[in-house]
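Residues: numbered from 1 along the sequence shown. Since we're looking at a predicted model, the values are computed, not measured. All values below were derived from every heavy atom in this structure, side-chain atoms included, with hydrogens, water molecules and symmetry-related copies excluded.
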Amino acid sequence: MKTKKRYILDLEPGELAGEIRKLDPARFRIKQILSWVYAKKAPSFDVFSDVPAGMRRALGDGFLLRTLTIAEKTVSSADGTARYDFRTMDGQTIPAVLLPAKDRTSACISTQIGCPAGCSLCRSGKTAFKRNLTRGEILEQLLAMENDSGRKIGGVLFMGMGEPLFNLKNLESVLRTLTDPELFGIGRRHITVSTVGIVPKIMELSKARTGVKLAVSLHAPDDRVRRVFVPEKIGYGVEQVMKAAADFARENDSVLTVEYALVAGENDSMQNAEKLVKLIRRTDLGPDSVKVNLIPFNPTRGMKWRPPSEEETAKFCDVLKSGKVLAIVRKAKGADIGSACGQLGI
Ligand code: SAH
């Protein structure tokens, strides 16, 4: 059923302020209502307890505060990771993952329905692209997971379904809201945007000086190997991607993450590791400004590849370390419930 109500989370905070002023000219209302929506994460207008009933009703008549419903939730018995599949108003599915941890609970969220990049190793790439998520739909994934779990999310990974930089305008709007101390108030260092390497968009995001961290899904030290995983149509070579990513890290004073999914027999040789060290050296980033996340390939439906053995993985990691490159092997979280890297298809 179509509704004429406006989705409150889709409005930029400044735009929402204008709407609030129309309902009540008192200036303090703006701060109060923005705080209920974003800082206190209220799930309905009814709980805006210090807002007069008449105004709460007017908000309810004019706006929607939530549009997503939880279609499915699965919790990993192995590590407590929770996968949420949200249903949108137009019947699409958005996967998101809550990663509880003692020090800081993080969330991995989606930016598109399906993914136009079409990487061969990733389940999202096999999901037909439908549309971009709106600003509100991106933010609501976080609000809904906090409401449902009762946990405070202190870190955000744009590593769910979709290519964040293909939805750049909404991404930038979301990043401003996440880092605003009056709204979500998440430290910029605890936000990572992951990209398959869309060079001009990396440069554009860099200019916005959000100060968030960038991760590039490289998976290969040269273009020949990269073609196995990332379609040619994406069109940017490893040198170009690394240059743009390194400039981003310098301009935003943040640490660059290089993501490298290890696939046995495809990109896990010691020569590949040595070449990766050289590629990283050529960026001129200091040893504390770049780190490599090695992700042993997570098997996903319909894909024949497998990860290297633990010993092979450790050897690859050691080559990077002896080349003075910070490297870690990332443990798969939520692999038993299809919520690890590369498994977020629908
Ligand atoms: N489109 C963005 C955001 C998705 S992030 C990007 O490409 O960065 C998802 C991460 O998981 C990427 O680094 C991706 O390459 C990695 N990945 C995809 N499939 C994988 C698999 N089967 N095993 C391990 N990692 C995988």
Side-chain angles (χ1 to χ4, degrees), residues 3-52 54-68 86 88-89 94 96 106-107 109-112 132-147 152-158 160 164-165 167-193 204-213 252:
T3 168
K4 291 221 168 52
K5 293 184 185 180
R6 296 181 77 186
Y7 181 24
I8 214 162
L9 304 173
D10 270 351
L11 304 186
E12 292 277 348
E15 215 180 338
L16 178 55
E19 294 298 322
I20 297 168
R21 211 171 295 133
K22 283 187 211 158
L23 296 174
D24 183 343
R27 285 208 68 83
F28 70 93
R29 285 279 176 244
I30 295 171
K31 222 176 161 177
Q32 206 175 35
I33 288 171
L34 282 173
S35 159
W36 279 112
V37 173
Y38 292 110
K40 298 187 195 137
K41 301 171 172 71
S44 88
F45 296 117
D46 303 337
V47 301
F48 291 21
S49 55
D50 50 6
V51 175
M55 178 141 190
R56 292 206 302 259
R57 219 171 303 119
L59 285 170
D61 289 343
F63 301 96
L64 288 172
L65 190 50
R66 294 286 184 269
T67 63
L68 303 182
F86 295 109
T88 62
M89 299 263 278
I94 309 176
S106 298
I109 58 174
S110 297
T111 51
Q112 298 185 307
N132 279 337
L133 295 185
T134 68
R135 165 194 152 88
E137 288 170 327
I138 298 172
L139 290 169
E140 192 178 333
Q141 296 168 60
L142 299 168
L143 298 173
M145 287 191 282
E146 280 209 9
N147 289 156
K152 170 120 188 74
I153 293 170
V156 179
L157 307 164
F158 288 89
L165 298 192
N167 191 3
L168 188 57
K169 189 171 154 284
N170 287 336
L171 176 73
E172 286 186 1
S173 169
V174 164
L175 292 177
R176 284 192 295 273
T177 293
L178 292 182
T179 51
D180 187 328
E182 306 259 306
L183 302 176
F184 272 79
I186 297 180
R188 57 205 187 98
R189 295 284 179 264
H190 301 305
I191 299 174
T192 303
V193 173
E204 206 179 321
L205 180 63
S206 185
K207 275 203 211 98
R209 296 292 191 271
T210 55
V212 300
K213 294 205 288 191
N252 285 271

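Residue Leu9 holds its CG atom at 8.5 Å from CG of Leu68, rounded to the nearest 0.5 Å. How far CD of Glu182 is from OG1 of Thr177: 12.0 Å, rounded to the nearest 0.5 Å. Note that the CG atom of Leu139 and the CG atom of Leu183 stand 9.5 Å from one another [nearest 0.5 Å]. Here CZ of Arg176 is found 10.0 Å from CG of Leu171. Values are rounded to the nearest 0.5 Å. The CG atom of Asn252 sits 7.0 Å away from atom CG of Leu205, with the distance rounded to the nearest 0.5 Å. In this structure, NZ on Lys169 lies 10.0 Å from CG on Asn132, to the nearest 0.5 angstrom.
Side-chain contact check for Met55 versus Gln32: every heavy-atom pair is 4.5 Å or farther apart. Taking the side chain as every heavy atom from C-beta outward, Leu165 and Glu204 never approach each other to under 4.5 Å. Using a 4.5 Å heavy-atom cutoff, the side chains of Glu146 and Leu142 are not in contact.
For Phe45, the ring-ring contact (aromatic ring centres under 6.0 Å, His included) partners at least two apart in sequence or on another chain are Phe48. Ser106 meets the side-chain hydrogen bond (donor to acceptor under 3.5 Å, both in side chains) test with no other residue; sequence neighbours excluded.
Residue Val193 comes nearest to Pro164 through the heavy atom pair CG1-CB, 4.0 Å, listed as atom of the first residue, atom of the second, then distance. Considering every non-hydrogen atom in both Pro43 and Val47, the closest pair reads CD-CG2, 4.3 Å. Summarising the geometry of Ser173 relative to Arg135, their closest heavy-atom pair is OG-NH1, 2.8 Å, with the distance given to 0.1 Å. Shown here for Ser49 and Trp36, the closest heavy-atom pair between the two residues is N-CZ2, 3.4 Å. Counting all heavy atoms, side chain and backbone alike, Met145 lies closest to Ala107 at CE-CB, 3.7 Å. Minimum heavy-atom separation, Phe184 to Lys41: CE2-CE, 3.7 Å.
In the displayed structure, Lys152 atom NZ is contacted under 6.0 Å by more than 12 heavy atoms of other residues, nucleotides or ligands. Residue Arg57 places its CZ atom among 12 or fewer non-hydrogen atoms of other residues, nucleotides or ligands, all under 6.0 Å distant. Annotation: Lys40, atom NZ; neighbour count of heavy atoms from other residues, nucleotides and ligands within 6.0 Å is above 12.
Without hydrogens or angle criteria, Arg56 side chain to Val51 main chain gives a donor-acceptor distance under 3.5 Å. Although no hydrogens or angles enter the test, the distance criterion places a donor-acceptor pair under 3.5 Å between the side chain of Asn167 and the main chain of Leu133. Side-chain atoms of Tyr7 come within 3.5 Å of backbone atoms of Gly136 as a donor-acceptor pair (strictly under, hydrogens ignored). Put simply, the side chain of Glu140 gets close to the backbone of Thr67: a donor and an acceptor are under 3.5 Å apart. Counting only distance, with no hydrogens or angles, the side chain of Gln141 and the backbone of Ser110 share a donor-acceptor pair below 3.5 Å.
Using a cutoff of 4.0 Å between basic side-chain nitrogens and carboxylate oxygens, Glu19 and Lys22 are scored as salt-bridged.
Asp10 and Thr134 form a side-chain donor-acceptor contact under 3.5 Å, judged by distance and modelled atom types alone.
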Requested in this report: Show your working on side chain to side chain contact (heavy atoms under 4.5 Å, CB included) between Leu11 and Phe63 and close with a plain yes or no.
Outcome: CA-CA 10 Å; Leu11 304 186; Phe63 301 96; 3.9 Å; yes
**Report entry** Stepwise side chain to side chain contact (heavy atoms under 4.5 Å, CB included) check, Leu64 with Met89
**Finding:** CA-CA 11 Å; Leu64 288 172; Met89 299 263 278; 3.7 Å; yes
Query raised in the report: Can Arg21 and Arg27 be said to form a side chain to side chain contact (heavy atoms under 4.5 Å, CB included), step by step?
Result: CA-CA 7 Å; Arg21 211 171 295 133; Arg27 285 208 68 83; 4.2 Å; yes
Report task. Go through Arg188 and Leu175 one step at a time and tell me if the side chain to side chain contact (heavy atoms under 4.5 Å, CB included) criterion holds. Result -> CA-CA 9 Å; Arg188 57 205 187 98; Leu175 292 177; over 6 Å; no
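When each of Ile138, Val174, Leu178 is tested with Val156 by the rule side chain to side chain contact (heavy atoms under 4.5 Å, CB included), just one qualifies, namely Leu178.
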